Protein chains: 2
Amino acid sequence: MENLFRILKKANVPPSMQRIKILEYLQTGHNHPTADMIYQALKGQMPTLSKTTVYNTLRILVEHNLISEFRMFENEVRYEYDPLPHIHFKCDRCGAIYDLHTGAGMLESGMIDGHRITCRQINLKGVCRACLKGSADA
Amino acid sequence: MENLFRILKKANVPPSMQRIKILEYLQTGHNHPTADMIYQALKGQMPTLSKTTVYNTLRILVEHNLISEFRMFENEVRYEYDPLPHIHFKCDRCGAIYDLHTGAGMLESGMIDGHRITCRQINLKGVCRACLKGSADA
DNA sequence: TTCAAGATTGTAATGATTACAATATAAAAT
DNA sequence: ATTTTATATTGTAATCATTACAATCTTGAA
């Protein structure tokens with residue numbers, strides 16, 4: 001809590017209750033929520049919270065590199081706190097999104113075909129481990 | 001044209017003028033259009049064309065594996081005809097999307113961490129070759 | 001030729017996100 | 001501490017891609 005306060009301060013984001021709570025939410029096991037999921041989760045403890053504030057705050061946190069955003073196969077942006085490079089895997093059946101820290105080393109080169117690569121999005125789809133275990137077509 | 005007719009037939013998609021024209025558009029150098037771009041491009045030669053038909057047709061063509069769809073960093077679906085596995089690269093400056101057939105071999109394994117991978121989306125961002133050539137920070 | 005299935009169309013609805021203006025809060029200056 | 005000023009938060013309305021739906025048109029089979 002004090003911790004989050006300092007993190008925001010250090011990143012030149014003036015701390016506020018809303019910003020602390022949203023950043024805290026992303027740092028405590030809630031891995032790939034949408035803006036609406038965050039809003040739904042926090043409005044209980046912050047009754048005056050506005051969805052616009054959630055969107056504004058997420059944009060600011062992304063701009064200051066405190067969190068990152070990505071899209072998978074749906075029309076919705078997901079947010080995460082995870083500084084390590086990794087791959088997102090979404091299960092076709094249960095919809096869960098897994099972080100794969102395996103093999104994240106490929107594509108490390110900053111130049112491909114003369115283009116300068118500054119941002120990578122690697123999205124996979126399929127059937128996840130848990131679903132495979134419970135079905136016949138494993 | 002007759003060619004496209006046969007392709008649709010073979011894929012169990014009853015051919016129609018709309019379907020032929022949309023598939024033709026994707027096969028003739030128009031690489032990553034959105035549904036709206038296709039609609040705008042074709043309504044000149046097909047005045048009665050409806051945007052709903054464009055969406056319906058694209059969905060059908062995707063379902064029958066005649067084309068594929070993907071999203072990059074914006075809220076819009078893009079469509080392409082390109083059977084080869086490749087990586088999409090979007091230039092931060094001009095917005096152009098390049099197909100990179102370089103190094104598409106990595107991530108080839110069908111299993112990662114016990115998940116079955118059936119679909120891959122690899123999106124890169126940065127500054128493209130053409131933009132770099134015309135600027136000082138190359 | 002008739003009929004039925006499927007294709008196309010236009011309009012209205014949806015859902016995520018953004019724009020905007022008003023209010024509230026916090027920081028700076030006196 | 002009080003005033004002033006900048007910034008943050010909020011609610012409502014707008015936007016934009018996409019989808020739902022119902023009506024009309026085509027087409028292939030009987």
Side-chain angles (χ1 to χ4, degrees), chain A residues 4-5 8-9 11-25 32-64 66-80 90 95 97, chain B residues 4-5 8-9 11-25 32-64 66-80 90 95 97:
Chain A
L4 294 163
F5 194 93
L8 289 167
K9 207 85 186 243
N12 280 317
V13 179
S16 71
M17 190 55 67
Q18 288 87 341
R19 290 168 179 178
I20 290 173
K21 285 294 181 189
I22 290 172
L23 182 55
E24 180 185 46
Y25 186 77
H32 310 101
T34 62
D36 187 66
M37 289 164 72
I38 296 172
Y39 172 71
Q40 298 299 336
L42 295 184
K43 74 176 179 187
Q45 35 177 318
M46 307 177 72
T48 73
L49 183 64
S50 150
K51 201 177 276 193
T52 298
T53 297
V54 175
Y55 277 106
N56 286 342
T57 300
L58 290 170
R59 179 174 41 73
I60 290 170
L61 295 181
V62 168
E63 284 170 1
H64 290 76
L66 290 173
I67 62 174
S68 58
E69 65 178 22
F70 65 97
R71 287 168 195 267
M72 293 209 66
F73 306 91
E74 318 301 328
N75 171 30
E76 53 189 10
V77 178
R78 291 176 177 274
Y79 298 88
E80 69 181 346
K90 178 170 191 173
I97 297 176
Chain B
L4 293 163
F5 194 93
L8 288 166
K9 207 87 187 240
N12 279 317
V13 180
S16 72
M17 190 55 67
Q18 288 85 341
R19 289 169 179 178
I20 290 173
K21 285 295 181 189
I22 289 173
L23 182 54
E24 181 185 44
Y25 185 77
H32 311 100
T34 63
D36 187 65
M37 289 165 71
I38 296 172
Y39 171 71
Q40 298 299 336
L42 295 184
K43 75 176 177 185
Q45 35 178 318
M46 305 179 72
T48 73
L49 182 64
S50 150
K51 202 177 274 192
T52 299
T53 296
V54 175
Y55 277 106
N56 286 341
T57 300
L58 290 170
R59 178 175 41 72
I60 291 170
L61 295 181
V62 168
E63 283 171 1
H64 289 77
L66 290 173
I67 63 175
S68 58
E69 66 178 23
F70 64 97
R71 287 170 195 267
M72 294 209 66
F73 306 91
E74 318 301 328
N75 171 30
E76 54 189 8
V77 178
R78 291 176 177 274
Y79 298 89
E80 68 181 347
K90 179 171 190 171
I97 298 175

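Because the structure is predicted, anything quoted here is derived from the model rather than measured. Labels below follow one simple rule: chain letters A, B, ... track the order of the sequence lines, proteins then strands, and each chain is numbered from 1.
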Q) Listed in order of residue number, which residues of residues 33-53 of chain B have a non-hydrogen atom at under 4.0 Å from DNA chain C? A)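 Listed by number, they are B:Thr48, B:Leu49, B:Ser50, B:Thr52, B:Thr53.
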Tell me: [atom1] of [X] to [atom2] of [N], nearest whole Å?
X: A:Arg59; N: C:dA19; atom1: CZ; atom2: C1'; answer: 11 Å
X: A:Tyr79; N: C:dA16; atom1: OH; atom2: P; answer: 12 Å
X: B:Glu63; N: D:dT19; atom1: CD; atom2: P; answer: 11 Å
X: A:Glu74; N: D:dA17; atom1: CD; atom2: C1'; answer: 14 Å
X: A:Glu76; N: D:dT18; atom1: CD; atom2: P; answer: 14 Å
X: A:Leu61; N: D:dT9; atom1: CG; atom2: P; answer: 10 Å
X: A:Asn12; N: D:dA8; atom1: CG; atom2: P; answer: 12 Å
X: B:Ile20; N: D:dT27; atom1: CD1; atom2: C1'; answer: 14 Å

Q: Start with the C-alpha distance between B:Arg78 and B:Met37, add both sets of side-chain angles, then the distance that settles side-chain contact (heavy atoms from CB on, under 4.5 Å), and finish with yes or no.
A: CA-CA 10 Å; B:Arg78 291 176 177 274; B:Met37 289 165 71; 4.2 Å; yes
**Q.** Straight-line distance of A:Tyr39 OH to A:Thr52 OG1, nearest 0.5 Å
**A.**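 So the gap between those two atoms works out to 9.5 Å.
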Q.
Nearest 0.5 angstrom please: A:Asn75 CG to B:Asn75 CG, how far?
A.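 Spacing of CG (A:Asn75) from CG (B:Asn75) equals 3.5 Å.
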Q.
Counting only side-chain heavy atoms from C-beta out, which of D:dA17, D:dT10, C:dT9 sits nearest to A:Asn56?
A.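 So the side chain of A:Asn56 is nearest to D:dT10.
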Q. Any donor and acceptor pair, going by atom type alone, linking the side chain of A:Thr53 with main-chain N or O of A:Leu49 inside 3.5 Å?
A.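 No, because the side chain of A:Thr53 does not come within donor-acceptor range (under 3.5 Å) of the backbone of A:Leu49.
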Q: Look at the side chain of A:Arg19 and the backbone N and O of A:Val13, then say whether any donor-acceptor pair between them is shorter than 3.5 Å.
A: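 Not confirmed, A:Arg19 side chain does not pair with A:Val13 backbone.
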**Q.** Donor-acceptor pair between A:Lys21 and A:Gln18 side chains, under 3.5 angstrom
**A.**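 On atom types as modelled, these side chains do not qualify, holding no pair under 3.5 Å.
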Q. Stepwise, does the side-chain contact (heavy atoms from CB on, under 4.5 Å) test hold for B:Leu61 with B:Tyr79?
A. CA-CA 10 Å; B:Leu61 295 181; B:Tyr79 298 89; over 6 Å; no
Q: Could you pick out which residue, B:Val13 or B:Asn75, lies toward the 5' side of DNA chain C when each is mapped onto its nearest nucleotide?
A: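 Closer to the 5' end of DNA chain C: B:Val13.
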Within the pair [X] and [N], is there a side-chain N or O less than 4.0 Å away from OP1 or OP2?
X: A:Arg19; N: D:dT9; result: yes
X: A:Tyr55; N: C:dT17; result: yes
X: A:Gln18; N: D:dT10; result: yes
X: B:Arg71; N: D:dA17; result: no

